[in-house]
Amino acid sequence: MLHALLERHWQSPNPVLRLLLRPLSIVFSAIAARRRARYLAGSLKSEKLPVPVVIVGNIHAGGTGKTPITAALVAALQARGIAVGIISRGYGRSLKTPHVLTERSTAAEAGDEPLLLYRRTRVPTAVASRRIEAARALLAAHPEVQFIIADDGLQHYALARDLEICVFPAADAARRDLDVLPNGGLREPVARLRDVDAVVFSQAAPAVAAAAQQHFRLPESVALFTSQIRAAAPYRYAHPDETLHSGSLETDARCVAVAAIARPQRFFDSLAALGFPLAQTLALPDHAAFDITALPAADYIFVTEKDAAKLPPPDKAPANIWVLPIDAQIAPDLAAWVLARLDIKAA
């Protein structure tokens with residue numbers, strides 16, 4: 001209840017809540033800035049790895065479209081013959097020790113987003129509450145990795161980084177009322193964008209990035225990119241080679257969409273745009289567990305790829321569950337920019 005109230009406030013600020021929460025945000029911002037300054041000054045240690053580290057993170061508390069952008073960057077690097085690995089915190093997992101993902105890994109061991117990235121990209125992936133421990137485990141298991149993509153971790157300064165890429169939603173690119181937690185949904189002030197190496201404005205046209213550069217007073221040294229999310233035909237969870245199109249739905253079929261992501265309306269809108277008539281939508285808290293016995297009765301139940309990572313194995317799941325795959329298209333070429341900045345030659 002409280003979280004839902006805060007999220008509504010973050011999107012449409014309430015004057016009374018702003019008055020009450022603003023002092024707390026000032027304190028939060030000061031603590032975050034002091035902590036970062038101590039790492040930059042060397043009074044807190046940042047550990048350098050033997051391979052380059054690229055952070056793909058955000059200053060928002062979720063819901064920026066970061067995961068598909070990370071997957072797209074990794075796929076583009078793979079296509080160039082680069083041996084890349086992924087590390088992540090693995091939010092929501094129950095395993096406390098570092099974990100290097102395998103074909104048998106579960107969301108409880110790895111977290112839903114890292115498991116999704118591993119299944120989409122098939123690159124070496126490791127998780128740990130401290131990214132440096134995830135990186136050590138990854139390199140020990142996969143010494144062939146040339147450099148590491150850290151999914152999230154922009155604020156995890158104990159891991160030294162060679163490049164910082166911040167994903168920022170286009171919906172917030174012109175706002176002047178953004179604030180840090182708890183008065184707003186930011187982990188760090190907007191001014192943090194001026195210190196990263198690149199910003200990817202998600203779900204944005206190039207004109208949005210140019211306007212945001214002026215709006216946030218971003219220096220020329222910050223490279224600007226935009227991304228668009230494209231949904232493909234849903235596939236049956238039990239048989240991924242079987243896809244579904246709205247024109248092939250059975251007459252009077254009942255379609256239900258269930259999502260446990262930060263901004264579920266995007267998922268529901270994508271299904272509607274593909275022509276699927278949704279009789280019911282169910283939005284669960286971000287990263288919430290899926291109980292297949294509690295799913296609504298329906299002929300077709302649509303879930304996100306992130307939520308599909310939490311389902312039982314396909315042979316133990318209902319046959320009426322369908323997964324909506326999404327891909328990010330990034331312009332200009334983010335992978336080429338990363339390789340040029342790191343001075344790494346494609347194979």
Side-chain angles (χ1 to χ4, degrees), residues 32 35-36 38-39 44-58 61-62 66-68 70-71 73-74 77-78 83-162 164-165 187 260-262 284-292 304-317:
R35 178 174 171 271
R36 179 168 180 259
R38 292 181 68 190
Y39 274 107
L44 291 177
K45 182 182 178 183
S46 289
E47 184 167 339
K48 177 70 175 174
L49 293 174
V51 298
V53 173
V54 177
I55 301 286
V56 181
N58 54 34
K66 172 181 57 60
T67 299
T70 300
L73 174 59
V74 170
L77 292 168
Q78 285 178 295
V84 59
I86 299 173
I87 60 171
S88 178
R89 174 188 174 189
Y91 182 84
R93 71 192 190 107
S94 56
L95 193 66
K96 301 303 181 184
T97 56
H99 177 69
V100 180
L101 277 67
T102 70
E103 294 288 341
R104 297 182 299 277
S105 294
T106 66
E109 295 170 325
D112 49 14
E113 290 179 352
L115 187 56
L116 163 60
L117 286 170
Y118 176 72
R119 289 176 174 175
R120 284 292 299 269
T121 65
R122 297 299 173 180
V123 303
T125 303
V127 295
S129 57
R130 296 183 68 245
R131 272 68 166 196
I132 189 65
E133 294 178 357
R136 291 186 194 125
L138 180 72
L139 293 175
H142 298 279
E144 74 279 5
V145 167
Q146 290 176 271
F147 75 88
I148 289 174
I149 301 289
D151 179 53
D152 209 353
L154 190 62
Q155 293 77 32
H156 191 79
Y157 299 111
L159 176 62
R161 66 283 311 269
D162 296 86
E164 291 183 332
I165 301 170
R187 302 172 181 176
I261 58 178
L284 303 175
D286 193 15
H287 299 284
F290 258 46
D291 179 0
I292 59 173
T304 69
E305 284 188 296
K306 174 179 168 180
D307 292 321
K310 295 176 288 190
L311 294 174
D315 58 346
K316 293 182 172 60

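We use all heavy atoms of the structure for the numbers below, so side chains are in, but hydrogens, waters and symmetry mates are not.
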K.L.:
Donor-acceptor pair, distance only, cut-off 3.5 Å: does the side chain of Thr97 make one with the backbone of Leu95?
P.N.:
no
K.L.:
Answer yes or no: is there a donor N or O on one side and an acceptor on the other, between the side chain of His99 and the main chain of Ala128, under 3.5 Å?
P.N.:
no
K.L.:
Show your working on side chain to side chain contact (heavy atoms under 4.5 Å, CB included) between Val100 and Thr125 and close with a plain yes or no.
P.N.:
CA-CA 6 Å; Val100 180; Thr125 303; over 6 Å; no
K.L.:
Below 4.5 Å, heavy atoms only, C-beta onward: do Leu139 and Val145 meet side chain to side chain?
P.N.:
yes
K.L.:
Do Lys306 side-chain atoms and Leu115 backbone N/O form a donor-acceptor pair below 3.5 Å?
P.N.:
no
K.L.:
Look up atom CG in Leu284 and atom CD1 in Ile261, then write down how far apart they are to the nearest 0.5 Å.
P.N.:
10.5 Å
K.L.:
What I'd like to find out is whether the side chain of Ile292 reaches to under 4.5 Å of the side chain of Pro312, using heavy atoms alone.
P.N.:
yes
K.L.:
Do the side chain of Glu133 and the main chain of Pro98 share a donor and acceptor less than 3.5 angstrom apart?
P.N.:
no
K.L.:
May I ask you to test the Asp152-Arg89 pair for a side-chain heavy-atom distance under 4.5 Å?
P.N.:
no
K.L.:
Before giving the answer on side chain to side chain contact (heavy atoms under 4.5 Å, CB included), spell out for Phe147 and Val53 the whole-Å C-alpha distance, their side-chain angles and the decisive distance to 0.1 Å.
P.N.:
CA-CA 6 Å; Phe147 75 88; Val53 173; over 6 Å; no
K.L.:
Okay, side chain of Gln78, backbone of Thr121: is any donor-acceptor separation there less than 3.5 Å?
P.N.:
yes
K.L.:
When you compare the side chain of Thr106 with that of Lys310, does any pair of heavy atoms fall below 4.5 Å?
P.N.:
no
K.L.:
Would you say the side-chain atoms of Ser94 pair up with the backbone N or O of Ala108, donor to acceptor, closer than 3.5 Å?
P.N.:
yes
K.L.:
Counting only heavy atoms not in Tyr39, do more than 12 fall under 6.0 Å of its OH?
P.N.:
yes
K.L.:
Distance-only, no hydrogens or angles: does the Ser105 side chain make a donor-acceptor pair with backbone N or O of Ala110 under 3.5 Å?
P.N.:
no
K.L.:
Looking only at non-hydrogen atoms, find the nearest pair between Ser88 and Ala134 and report the distance.
P.N.:
O-CB, 4.3 Å
K.L.:
Is there side-chain contact between Ile149 and Leu77, with heavy atoms separated by less than 4.5 Å?
P.N.:
yes
K.L.:
Salt-bridged, Lys66 to Asp151, with N to O below 4.0 Å?
P.N.:
yes
K.L.:
Going by the side chain to side chain donor-acceptor pair (under 3.5 Å) test, name the single residue among Arg36, Arg35, Arg187 that passes it with Gln155.
P.N.:
Arg187
K.L.:
My understanding is that only one of Leu138, Asp162, Leu159 makes a side-chain contact (heavy atoms from CB on, under 4.5 Å) with Ile148; could you say which?
P.N.:
Leu138
K.L.:
Output the distance between atom CG (Leu73) and atom CD1 (Ile165), rounded to the nearest 0.5 Å.
P.N.:
5.5 Å
K.L.:
So, Arg161 side chain and Lys48 main chain: donor-acceptor pair closer than 3.5 Å or not?
P.N.:
no
K.L.:
Decide, yes or no, whether a salt bridge links Glu113 with Arg93 under the criterion of side-chain N to carboxylate O below 4.0 Å.
P.N.:
no
K.L.:
Say you draw a straight line from CG of Leu44 to OH of Tyr157; how long is it, rounded to the nearest 0.5 Å?
P.N.:
12.0 Å
K.L.:
Where do Arg119 and Ala309 come nearest, in terms of heavy atoms and distance?
P.N.:
NH1-CA, 3.5 Å
K.L.:
Within a strict 4.5 Å, meaning less than it, do heavy atoms of the Leu117 and Arg120 side chains meet?
P.N.:
no
K.L.:
Taking Asp112 for its side chain and Asp307 for its backbone only, find out whether a donor-acceptor pair lies under 3.5 Å.
P.N.:
no
K.L.:
Looking at Ala260 and Pro285, what are the two nearest heavy atoms and their distance?
P.N.:
CB-O, 3.3 Å
K.L.:
Do Glu103 and Arg122 touch side chain to side chain, with heavy atoms closer than 4.5 Å?
P.N.:
yes
K.L.:
Test salt bridge (Lys or Arg N to Asp or Glu O under 4.0 Å) on Glu47 and Arg136 and set out the steps.
P.N.:
CA-CA 11 Å; Glu47 184 167 339; Arg136 291 186 194 125; 2.6 Å; yes
